[in-house]
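These notes are about the structure you will find just below.
Just so it is clear: chains get the letters A, B, ... in the order the sequence lines come, proteins before strands, and each one is counted from 1.
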Amino acid sequence: MPRTPAPTHRLQAVFVPDRRRIAWWGPDQPDEHARKRGLPEGVPGRIELAHGTVPARLVPLTQAVPALAGLAVGKQLSDSLLAWRAAAIAALGDPARLEALAGMMPPAAHAVRLGADRVWTAAELLSAFRSAVHDAYSTADASAAELLAARESEAAEAPVEAVLRPYQRQGLSWLSALARNGAGGVLADDMGLGKTLQTIALLAMTPGPHLVICPTSVVGNWARELARFAPELEVARYHGPRRDSASFASADVVVSSYSLLLRDAEELSAIDWGVAVLDEAQQIKNPDSRTALAARRLSARTRLALTGTPVENRLSELWSIMDFASPGLLGTRKRFTKRFAEPVENRGDAAAGLRLRDLVAPHLLRRLKKDVATDLPDKMETTVACTLTGEQARLYRRAVTEAFDGGLGDGFERHGRVLALLTKLKQICNHPAQYLKEESPVLSGRSGKLDRVTEILGEVVDSGERALVFTQYRAMGELLAGHLAAELGLAGVPFLHGGVSAAGREAMVDGFQDGSAPPVLLVSLKAGGTGLNLTAATHVLHFDRWWNPAVEDQATDRAHRIGQTRRVEVHKLVTGGTLEERVAELLDRKRALAEAIVGTGEDWIGKLDDAGLRALVELSDAEVGE
Amino acid sequence: MTWWSKRWPRALEALGLSYPDNRLVRARALIRGGAVDDLLVSPGEITAWVDYPRKTFGVSLRVPVLDEAAWAAESGRIAARVGSLAALLDDRLPEDMLSLFPGEGELAVECPCGRGLCVHVVVVHLAFADLFEEDPFLLPLLRGRGREELLAGVRAAMPPVPEAGPPVGVAVGDVDVAGFFDGDREGLSAW
Ligand SMILES: [Zn+2]
């Protein structure tokens, strides 16, 4: 007699007593079979049956039972699905009838492991099912109340190397309540309130391994922030052409990108993650997209979506993000549309809006900057680490090799060659099109920094705020002006540089200040001059770095100066693995020393010997994107 | 349309509505035209303003709220079937809550136009049905219990489940592997 039953292409159902869930199993993708039958998809997991462990989708009883009871009998239904349909009908109507079912069930419907060498009998499992259904309905959703309460209290411990602000401690308290309850959520704080830091604190205090999926441009940033705030966590980047899923075994946190979520869905969904985080979760706002499907396939005890904009245009976006974080909470998409999206969007139905809010509230935490204003300093600086694209990495390596192979010489000649190399590398980090001096180039997807800046500015513009973007390079400024206007849907993005007349400069400043001009202004640092008053800006971006804190601070202060009543956020862009990052680290780590060394801009680099210079500029492998 | 929003207008029959009734047609047209404003539902009362014709009428419909004892009986009946609670949680009104609809002589109407069952009253009555269709908890609210209160009452009234001993199970080796997927298909399909 074979020990393992033949594979089945029909969807099977079984009640899993210790998880108190109904499991779908059998075919390769039980979630798709379930969806086709109008059954809730549940979350991925594994169940122990008589013949071994099989992958399954697990659905809470309050979702599974009504759906099973409403299932139409058909030729294609397996006997185990028919059995649990019958059990659901009995449980909702007349539980005494459950006993009569035991003799009709196939082993597939009840042979769940009970210890090492035994399995549940049909009668025992039905009896456990009866009391589980009773419990599921007789107790209010206790976790909802707990989640709502958790956000009002502040987490006592926060195992990160940073001092959390009070609202961040509340956020962490809520996040850990999610993890405790095996629930999922959407952390939708405004940009700049530290979603990353709160998330890292959660990862540090929750059993792993954890997975972070983010846009390619911020993979490096996540790895760096993890190393900074939770240095004891082993972080693996699953990223780039030489990625290896063997690294999962030893890692506490795996950081990967949306493109790999699609490409390596198999590897990523083979692991049972502790927490699965989707950063910039508006990437899955279209529920039919392959990305959204792949995200729903991830197996994790806790699912967390991070986004500054949970709803950009339509309520269906919220459904999609929530259906990843807390599957089934908002019902099927069809029902959601009828119950909430249509009443709210087409009829302005306030009551439906309130019901939706109540339903979502335990699982969605959103704080606006103005809500927590007293908690925040008036100037916040963050270093934004970006990832090189493959094209950038090739150009970068070639420039370094050519410079060293050709020899740098010495004395005055060496000084000139080193500075030329630095300029090349900085241009490559900015954008290949700047370095290659291309005419009307394609810009998107070729520079990690440009893509990240576009994302940041998109959020700034959407929230009705204004930003200054500084670059040292006129050519880069011109490229940015055209690209940003097109990507952000602005009439134009003015560029204030040395070639602009005094009258033109004044007009740009006035337009920016009084709001008549577009909300983004590009400034070439050299052209900055003095007396520019740009206090309408609440965001300052340094696209490339001067490596001279005094010069950068001067630029920042154009927005942040006396008279400025709003908070200013300063974003310093840095490309990971390159000289940009190493110099920035040097500046941060040895600020006092560095200020002395670099007081005269980049001259100090010209004084390094070959080995020192190589260590500073050479590209490290781990940093390259796709 | 749902059974409960279809059922609701019949409460007017006791006040003299018959079929076909021209007031129903006119009321529908007025609702579509946006003649109803500020419809509020609270325990015992539905109120709204109706703009027709050239003047605004403040209409109120009243239904008695149930006392504690009546609610206890009501909760007990709902709790006897888990399916009723499941329906409520899915925003459907279970049929065993039919008794909450206004009975003979329970619905009282008031309109300043003073014509008894006037078109204003019919308008408000039907406008309520439109809201009620989406939110079945408006009926228990009208009878004195909001959603959370109602659910808590029903949960507390659920009868206990008979205790089962710890499972013993059968040996894995005794599982019918060849017939793993085969049950009593006929019996299960007929369930
Ligand atoms: Zn009247």
Hey, is [atom1] on [X] packed in by over 12 heavy atoms from elsewhere, all under 6.0 Å?
| X | atom1 | result |
| --- | --- | --- |
| A:Arg314 | CZ | no |
| A:Glu99 | CD | no |
| A:Asp28 | CG | no |

Using heavy-atom distances under 4.5 Å, tell me whether [X] contacts chain B through its side chain, its backbone, both, or neither.
| X | result |
| --- | --- |
| A:Ala111 | side chain |
| A:Thr62 | neither |
| A:Arg355 | side chain |
| A:Pro17 | neither |
| A:Val119 | both |
| A:Ala6 | backbone |

Are any of the side-chain heavy atoms of [X] and [Y] separated by less than 4.5 Å?
| X | Y | value |
| --- | --- | --- |
| B:Arg185 | A:Leu82 | yes |
| B:Phe181 | A:Pro106 | no |
| A:Leu101 | B:Trp191 | yes |
| B:Val172 | A:Arg113 | yes |

[X] and [Y]: which non-hydrogen atoms are nearest, and at how many Å?
| X | Y | value |
| --- | --- | --- |
| B:Val175 | A:Pro107 | CG1-CB, 4.0 Å |
| A:Ala83 | B:Leu188 | CA-CD2, 3.7 Å |
| A:Pro343 | B:Glu134 | CG-OE1, 4.2 Å |

Top contributor to chain B interface from [options] [non-hydrogen pairs under 4.5 Å]:
| options | answer |
| --- | --- |
| A:Leu77, A:Val65, A:Asp94, A:Val112 | A:Leu77 |
| A:Ala91, A:Ser78, A:Ser138 | A:Ser138 |
| A:Val133, A:Thr139, A:Asp135 | A:Thr139 |
| A:Ile89, A:Thr8, A:Asp117, A:Val73 | A:Asp117 |
| A:His110, A:Arg85, A:Arg97, A:Lys338 | A:Arg97 |

Completion exercise
Note: vs chain A, highest number of non-hydrogen pairs under 4.5 angstrom among B:Gly183, B:Pro159, B:Gly187 is B:Gly183
Completion exercise
Residue from B:Glu163, B:Glu186, B:Met158 scoring the most non-hydrogen pairs under 4.5 Å with chain A is B:Met158
Exercise for the section: Counting only heavy atoms closer than 4.5 Å, note whether B:Pro162 contacts chain A via side chain, backbone, both or neither. Expected result: side chain
Exercise for the section: Check whether B:Val154 gets within reach of chain A through its side chain, its backbone, both or neither, counting any heavy atom under 4.5 Å. Expected result: neither
Handout entry: Residues of residues 74-99 of chain B near chain A, each having a heavy atom less than 4.5 Å away
Key = B:Arg81, B:Val82, B:Gly83, B:Leu85, B:Ala86, B:Leu89, B:Asp90, B:Asp91
Problem - A:Met104 CE to B:Ser189 OG distance, which is reported to the nearest 0.5 Å - result: 10.0 Å
Handout entry: From CG (A:Asp358) to CZ (B:Arg147), nearest 0.5 Å
Key = 8.5 Å
Exercise for the section: Check each of A:Leu125, A:Thr121, A:Leu114 against B:Pro167 using the side chain to side chain contact (heavy atoms under 4.5 Å, CB included) test, and report the only one that passes. Expected result: A:Leu114
